[in-house]
Number of protein chains: 2
Amino acid sequence: MYERKIKEDLDCGIVAAMRVFGAKWKPCIIDAIGRGIKRPSELHRYLDTTSPRVIDMQLSELVDFGVVVKEVSPGFPLNVAYSLTPLGESILPVISALDHWGSRHKDQVKVLHERQLSRNRAKLVAG
Amino acid sequence: MYERKIKEDLDCGIVAAMRVFGAKWKPCIIDAIGRGIKRPSELHRYLDTTSPRVIDMQLSELVDFGVVVKEVSPGFPLNVAYSLTPLGESILPVISALDHWGSRHKDQVKVLHERQLSRNRAKLVAG
DNA sequence: TCAGATACCGAATAATTTTTCGGTATAGCC
DNA sequence: GGCTATACCGAAAAATTATTCGGTATCTGA
């Protein structure tokens, strides 16, 4: 929850899209909900490399942006579930494109990632 | 140029893709180069809501990741041009998907963006 | 030689995002 | 009442990313 000091050009489609689901974990959260993982505790377990707090925060931002809706059923234990709105559903193909690209190139990405790390380490030592 | 302290799960396609072109301006830069805007000074002018320094830095990261290549032609004035590699070309459809989604929904995004800003302002006043 | 254009880069700072930590609340079960 | 599970939230800290500022270097034509 921060108020941006820097204006973004939301007339640019790319910028607008990144504004809605360009955060570190938002695509993963939307993807997970799209796969039927809907309860907060399930999401916390499913995205176990992410702190639960971020998931909660980003979920509430996604609610603000009309990407997901929160439904509370009376029951035990407290039963909360998030679902995609039509707007959220419309993002799925885009995330799917991201996912396919990443899956297709992940080996290359891993190598280049390591290479960049070494380069930075070398720079740090040299500097 | 920072060494990440937090590991990312690059086996997740989404995470891998975001690693390569998930930064604030990278999709715009890749898109611009794809549209034929290739020289640094042109890019600086084209992406005029972005500081030239970020463009330079992100360009060099894109070079590191094999997304673009830098070509220097002897000539005047110093003639540098960046082009997409095959890997870079393969990202274009994904960015295009982002762009289409954003263009289709940008009016809604603008409204929701403003609404979120007001909400945050109200929170700040209340808190 | 000097101005002007191009292309960079380093370092400090500012802005933003992510994480950690610890707290609240509700409900059921023993 | 103590214990567990679920679901949150605030505030501070840490990590990351973006921006500003000022510098270097090359070339060319005036």
Side-chain angles (χ1 to χ4, degrees), chain A residues 1-9 15 18-19 21-29 38-45 47-64 70-82 113 116-117 119-120 123-124 126-127, chain B residues 1-9 15 18-29 37-45 47-64 68 70-82 116-117 119-120 123-124 126-127:
Chain A
M1 230 49 101
Y2 306 86
E3 168 141 4
R4 285 175 164 281
K5 304 234 166 68
I6 295 167
K7 295 273 171 59
E8 299 164 288
D9 176 16
V15 174
M18 294 294 280
R19 177 70 188 81
F21 55 93
K24 190 165 182 182
W25 300 108
K26 277 183 189 143
C28 298
I29 292 172
K38 307 194 152 196
R39 298 189 53 188
S41 52
E42 285 174 344
L43 286 164
H44 292 169
R45 275 190 292 272
L47 302 169
D48 68 340
T49 60
T50 314
S51 79
R53 186 72 177 104
V54 213
I55 297 175
D56 294 347
M57 285 191 303
Q58 301 207 344
L59 271 172
S60 90
E61 282 179 31
L62 290 172
V63 170
D64 286 355
K70 176 180 167 179
E71 291 148 306
V72 187
S73 331
F76 175 76
L78 249 178
N79 197 312
V80 176
Y82 291 89
H113 176 75
Q116 197 188 48
L117 286 185
R119 229 180 313 219
N120 291 350
K123 246 188 188 171
L124 283 176
Chain B
M1 230 53 98
Y2 307 86
E3 166 141 6
R4 286 176 164 281
K5 304 234 167 70
I6 294 167
K7 295 273 171 60
E8 299 164 288
D9 176 16
V15 173
M18 294 293 280
R19 178 70 189 82
V20 176
F21 56 94
K24 190 164 181 181
W25 300 107
K26 277 182 189 146
C28 298
I29 294 172
I37 296 151
K38 306 194 152 193
R39 298 190 50 190
S41 53
E42 286 175 342
L43 286 164
H44 293 169
R45 275 191 293 272
L47 301 169
D48 67 341
T49 59
T50 313
S51 79
R53 187 71 178 104
V54 210
I55 297 175
D56 294 348
M57 285 192 305
Q58 301 208 344
L59 271 171
S60 90
E61 283 180 29
L62 289 171
V63 170
D64 286 356
V68 303
K70 176 180 168 181
E71 289 148 308
V72 187
S73 332
F76 173 76
L78 247 177
N79 198 311
V80 176
Y82 292 88
Q116 197 188 47
L117 286 185
R119 228 180 312 219
N120 291 349
K123 246 187 187 171
L124 283 176

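Every chain is numbered from 1, with letters handed out A, B, ... down the list of sequences. Source: prediction; values computed, not measured.
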When you compare the protein's N or O atoms with those of nucleotides 20-24 of chain C, which come within less than 3.5 Å of each other, and at what distance?
none

Problem set entry | Under-4.0 Å side-chain N/O to phosphate OP1/OP2 contact, Y82(B) with dC8(C) | yes
Exercise. Tell me: CG of D56(A) to P of dA11(D), nearest whole Å?
Worked result: 16 Å
Exercise. Residues in side-chain contact (heavy atoms from CB on, under 4.5 Å) with S51(A), at least two apart?
Worked result: R53(A), V54(A)
Exercise. In chain order, what residues pass the side-chain hydrogen bond (donor to acceptor under 3.5 Å, both in side chains) check against D9(B), with sequence neighbours excluded?
Worked result: none
Problem set entry | With sequence neighbours excluded, residues passing ring-ring contact (aromatic ring centres under 6.0 Å, His included) with F21(B) | W101(A)
Exercise. Hey, are the side chains of T50(A) and H44(A) touching, using non-hydrogen atoms and a 4.5 Å cut-off?
Worked result: no
Problem set entry | Whole-Å distance separating the CD1 atom of I29(B) from the C1' atom of dA18(D) | 12 Å
Seminar exercise, completed: Whole-Å distance, E71(B) CD to dA7(C) P, equals 13 Å
For this session: To the nearest Å, give me how far apart NZ (K38(A)) and P (dA7(D)) are.
Result: 14 Å
Problem set entry | Verdict with supporting geometry, V72(A) and N79(A), side-chain contact (heavy atoms from CB on, under 4.5 Å) | CA-CA 6 Å; V72(A) 187; N79(A) 197 312; over 6 Å; no
For this session: Looking at every strand, decide which applies to E42(A) at a 4.0 Å heavy-atom threshold: base, sugar-phosphate, or nothing.
Result: nothing
Exercise. Do the side chains of R19(B) and H113(A) get nearer than 4.5 Å, heavy atoms only?
Worked result: yes
Problem set entry | Spacing between Q116(B) atom CD and dT16(C) atom P, to the nearest angstrom | 13 Å
Problem set entry | Axis-to-axis angle between the two ends of the helix from dT1(C)-dA30(D) to dC30(C)-dG1(D) (five base pairs per end, rounded to 10 degrees) | 10°
For this session: Give a yes/no answer on whether the side chain of R39(B) brings an N or O atom under 4.0 Å of OP1 or OP2 in dA7(C).
Result: yes
Seminar exercise, completed: E71(A) meets the side-chain hydrogen bond (donor to acceptor under 3.5 Å, both in side chains) criterion, sequence neighbours left out, with S83(A)
Exercise. Contact class for K26(A) vs. all strands (heavy atom < 4.0 Å): base, sugar-phosphate, or nothing?
Worked result: nothing
Problem set entry | Integer-rounded Å distance: dT19(D) P and I55(B) CD1 | 9 Å
For this session: Report the C-alpha distance between Y82(B) and I29(B) in whole Å, list the side-chain angles of each, state the deciding distance to 0.1 Å, and finish with yes or no for side-chain contact (heavy atoms from CB on, under 4.5 Å).
Result: CA-CA 10 Å; Y82(B) 292 88; I29(B) 294 172; over 6 Å; no
Seminar exercise, completed: Given the options V80(A), D64(A), L43(A), L59(A) meets side-chain contact (heavy atoms from CB on, under 4.5 Å) only with L43(A)
Exercise. In terms of side-chain heavy atoms of Q58(A), which of dT18(C), dC8(D), dA7(C) is nearest?
Worked result: dT18(C)
Problem set entry | Euclidean distance, atom CZ of residue F21(A) to atom C1' of dT17(C) [Å, nearest integer] | 18 Å
For this session: Can you tell me the distance, in whole Å, between the CG atom of N79(A) and the P atom of dT26(C)?
Result: 18 Å
For this session: Would you tell me if any nitrogen or oxygen in the side chain of W25(A) comes within less than 4.0 Å of OP1 or OP2 on dT17(C)?
Result: no
Exercise. In Å and rounded to the nearest 0.5 Å, what is the CD1 to SG distance from I37(B) to C28(B)?
Worked result: 11.0 Å
Seminar exercise, completed: Winner on side-chain proximity to V80(B), out of dC8(D), dA7(C), dT19(C), is dA7(C)
Exercise. Of all the choices, dT19(D), dT18(C), dA7(D), which nucleotide is nearest to the side chain of K24(A) once you look at every atom?
Worked result: dT18(C)
